[in-house]
Amino acid sequence: MSLLIKKLESKISAWREEVKKIIESGGDKPLSEVAVSQAYSGMRDVISLICDTSRVPRDKGLIIRGTPLKKLFGKSPEEIYFLLLTGDLPDKNELHEMENELKKRREIPSYVWKILKNMPKDSHPMTMLSTAVVAMQSESKFFSEYEKGIRKEDYWKPTLEDALNIVARIPAIAAGIYRIKFKDGNVIEPDKKIDFAEDFARMLGLFSDGNKTVEQFNKLMKMYLIAHCDHEGGNVSAFTAQTINSALSDLYYSISGGFNGLAGPLHGLANQESTRWVLELMKRFDGVPSKQQLENYIWETLNAGRVIPGYGHAVLRITDPRFEGFMDFGKKYFPDDPLFLTVVNLFEVVPEQLKKIKKIKNPWPNVDAISGSVLYHYGLKEFSYYTVLFAVSRSLGITAQGVINRAMMNPLLRPKSITTEEIKKIINFSK
Ligand code: AMX
């Protein structure tokens with residue numbers, strides 16, 4: 001790992017120096033004001049967190065270390081991980097090293113399989129993933145180095161070890177969960193000779209030998225694992241993980257906690273909810289529905305007090321570029337797939353309907369409106385599994401953020417809360 005460590009060492013000392021100077025020269029300048037209404041609405045738009053791995057301008061979507069996601073499609077998860085960690089795409093040698101690191105750490109401890117196989121049969125795949133990760137906590141290098149008294153400046157080094165171990169193992173664990181939960185329970189062992197995305201696709205065991213769609217599916221996995229890798233620092237999974245990690249709980253605790261947040265229907269579970277919703281819709285109308293039928297169904301959902309899954313976003317105010325990426329993929333490889341076609345038709349109908357509801361700030365689709373349909377096409381039909389795929393990808397961003405937070409020696413996260421009684425006094429509230 002010498003090239004990565006060397007690069008990070010020089011970057012980290014420059015980053016530390018720069019932040020010190022930033023605080024000295026402009027530390028008093030306010031970043032945002034907080035209105036009472038924002039305190040009551042999930043701190044939306046309150047700027048008070050630093051995240052350097054990626055940013056999400058509301059009119060552009062995900063930008064990873066300065067490069068828009070769309071320009072990064074075609075890169076491998078290994079390249080993106082190096083980019084997230086260091087700010088630079090790797091050169092040939094650096095990439096080779098990253099690929100090897102993630103290959104050699106791929107072995108899954110046997111106790112993980114025992115735990116997963118003994119969990120209740122109705123455990124959600126995300127519960128299984130979160131459990132598997134936290135079960136490995138005893139292997140944390142950060143935890144053991146901290147016990148030995150490692151210096152604060154060096155916290156990032158064992159955190160990087162943990163990050164690489166977690167990222168290397170998650171594909172095999174995730175694929176194993178699929179085999180245990182939905183197939184015959186025989187897990188397919190990792191192959192240290194092939195790359196991250198392809199090995200994950202192989203371990204799912206969806207295709208028999210000689211099936212020609214394997215290559216397409218591998219391509220999709222490569223894209224999928226990049227598309228969900230990071231989305232700045234304030235989203236539920238990243239923020240949860242960061243909060244846990246700020247208490248110097250190691251990355252096993254943090255990632256597991258972040259995944260628990262990802263498992264919520266307003267966050268990462270929306271891909272499962274969206275696919276379920278579209279399939280129910282197709283069942284109701286016996287195939288690909290007409291535009292009028294779509295419109296009726298949308299209002300039926302809204303009038304029942306439910307959200308349209310996959311639409312809206314806490315930050316974005318445009319169609320999510322990740323949605324567009326998957327749409328381009330589907331249009332290229334399976335434009336006539338009925339589920340995909342329905343998703344594309346919904347894209348033409350839903351925003352116009354959501355625009356009629358004033359309180360909805362963003363009527364446009366997010367990634368979860370489409371990401372399930374592309375998996376479904378290749379036979380990955382168990383949609384309660386979809387958030388696990390999201391998590392495999394998101395582990396790249398969350399662990400990279402964790403390494404950087406420790407490198408920057410960031411303190412405990414502890415925003416201040418306020419009571420309703422105090423707010424009443426501040427605004428001179430009278431009934
Ligand atoms: N359908 C129906 N109502 C919606 C809606 C949708 N798709 N999106 C927003 N609204 C509603 C909200 O529920 C809220 O209603 P309330 O005031 O009665 O509670 C109101 O519109 C205002 O919401 P907002 O400011 O536009 O969005 P937000 O920041 O509060 O929430 C999000 C963002 C994503 C939770 C919301 O758009 C939503 O629930 N979407 C559907 C679920 C989804 O797709 N989640 C995935 C997001 C991406 C991800 O994290 N993977």
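Counting starts at 1 for both ligands and their atoms, in listed order.
Near ligand 1, residues Arg44, Leu266, His267, Ala270, Leu302, Val307, Ile308, Pro309, Gly310, Tyr311, Gly312, His313, Ala314, Lys359, Ile360, Lys361, Asn366, Asp368, Phe390 each place a heavy atom inside the 4.0 Å sphere around the ligand atoms.
Classification of Lys104 and Glu101 as a salt-bridged pair holds, one side-chain N sitting under 4.0 Å from a carboxylate O.
Under the 6.0 Å cut-off for aromatic ring centres, Phe323 and Trp364 do not qualify, their centroids lying 6.0 Å or more apart.
Glu280 meets the salt bridge (charged side-chain N to carboxylate O under 4.0 Å, His left out) test with no other residue; sequence neighbours excluded. Residues passing the side chain to side chain contact (heavy atoms under 4.5 Å, CB included) test with Val374 are Leu220, Phe326, Phe334, sequence neighbours excluded.
Counting only residues at least two apart or on different chains, no salt bridge (charged side-chain N to carboxylate O under 4.0 Å, His left out) pair has a member in residues 251-272.
A side-chain contact (heavy atoms from CB on, under 4.5 Å) with Asp191 is found for exactly one of Ile194, Ile188, Asp195, namely Ile194.
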